[in-house]
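To keep things clear, I will list the structure first and then write my remarks on it.
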Amino acid sequence: MISNPTWYKTNRLAGLRRFAIAITILNLLGHTVLGFEQSWAQPLVALATAYSMEILLEAIDSKVNHRTPLFAGGIRNFVDFLLSAHITALAVAMLLYANERLFPIAFASAVAIGSKAIFKAPVGKATRHFLNPSNFGITVTLLLFPWIGIAPPYQFTENLSGIGDCILPGIIVISGSFLNAIFTKKLPLIAGWLGGFILQALLRSLIFGTPIVAALVPMTGVAFVLFTFYMVTDPGTTPNQPINQFIFGASVAAAYGLLMVNHIVFGFFFGLTIICILRGLILYMRSLVPSFPPAKVFVPATAMVRKV
């Protein structure tokens, strides 16, 4: 639970603003300097879709529940309301590769935003979405459209050379560490994910003979760094208590390892989706059977806070 909901809401909003700025800068640099393979049309389509879905769903929900829409109250409040959709859209457009086609990007963005309204679990007297939005949109799109893949990892540093190959991931690590230490408080989750990833690599090497370098090499890519600091740490769909964060991160790594053992690709995204679904199921079990353990591990940090 959150001892000071007002403090958390303020810090979450501050974190969202900085996160939105960071991912916007990364996309702008990606399309102008770094070497992103997607066209400019794809992030624009993703943004238009995500904004429209977020506003539409909020308008419907506020009307049904006879309350003021969260985007009302001036331009600043309207912009803050769209921060989450902004981040989700740019993540989808940056990580998916659908050649020149735009529909899959719009589809993934719509699924990501829609999942927040559809897949909710009871937490106390309220409900809360439990699926990481952008990750879920990407997962569903990969499953339904097998000709779509993840953007090639080299695109983040394609046009860089020399020390530039180290500067970019270094900036992402520093900025991500700052955001997760000061605003989201998710460093234990990151530790669990990184420790679990190393452990599953060692186990795959010992048990199945996977070359240890091959099992660990994903950690050297910018895509892994982005997933670590900006995807798996989503504050709205992860636990709050440090030990529970650690367990969540380690569980995602374990799911990834099992997927790799079974030769299933896109393990990062599928693994995170699997753990989020399991967490949602346990939240439902908690509502049906109050004595069902463990409670704290699966209660989201935002359970006591009204959606920004």
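These numbers were taken from a predicted model, which means no experiment stands behind them. Just so it is clear, the values below take in all heavy atoms, side chains as well, and ignore hydrogens, waters and symmetry mates.
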Practice task
Evaluate side chain to side chain contact (heavy atoms under 4.5 Å, CB included) for L34 paired with L160, printing each intermediate quantity in order.
Solution key: CA-CA 7 Å; L34 302 178; L160 299 179; 3.8 Å; yes
Report the C-alpha distance between T32 and W40 in whole Å, list the side-chain angles of each, state the deciding distance to 0.1 Å, and finish with yes or no for side chain to side chain contact (heavy atoms under 4.5 Å, CB included). CA-CA 10 Å; T32 57; W40 279 99; 3.6 Å; yes
Check: Could you walk me through whether E37 and Y154 pass the side-chain hydrogen bond (donor to acceptor under 3.5 Å, both in side chains) check?
Finding: CA-CA 10 Å; E37 297 288 347; Y154 65 76; 3.0 Å; yes
Determine whether N240 and N244 satisfy the following criterion, side-chain hydrogen bond (donor to acceptor under 3.5 Å, both in side chains), listing intermediate values before the conclusion.
CA-CA 7 Å; N240 184 43; N244 304 329; over 6 Å; no
Handout entry: Candidate pair F119 and H129, rule ring-ring contact (aromatic ring centres under 6.0 Å, His included), full reasoning
Key = CA-CA 6 Å; F119 298 102; H129 71 277; over 10 Å; no
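By the 30° and 60° cut-offs, the orientation of the rings of F103 relative to F107 is tilted. Relative orientation of the W193 and F224 rings is parallel, given thresholds of 30° and 60° on the angle between their planes. Between Y51 and H86, the two ring planes are parallel [angle under 30°; tilted spans 30° to 60°]. Between F268 and F227, the two ring planes are parallel [angle under 30°; tilted spans 30° to 60°].
Neither side chain, T24 nor N27, offers a donor N or O lying under 3.5 Å from an acceptor on the other.
Partners of L83 under the side chain to side chain contact (heavy atoms under 4.5 Å, CB included) rule, at least two apart in sequence or in another chain, are L13, L16, R17, A20, D80.
Under the 3.5 Å distance criterion, the side-chain polar atoms of R67 are left unmatched by any main-chain donor or acceptor of K63. Side-chain atoms of T237 do not come within 3.5 Å of backbone N or O of L131 as any donor-acceptor pair. Q155 places no side-chain N or O within donor-acceptor distance of the main-chain N or O of L95, the cut-off being under 3.5 Å.
Across every non-hydrogen atom of A112 and T88, the tightest pair is CB-CG2, 3.5 Å.
In this structure, the ring of Y256 has its center no less than 6.0 angstrom from the ring center of F270.
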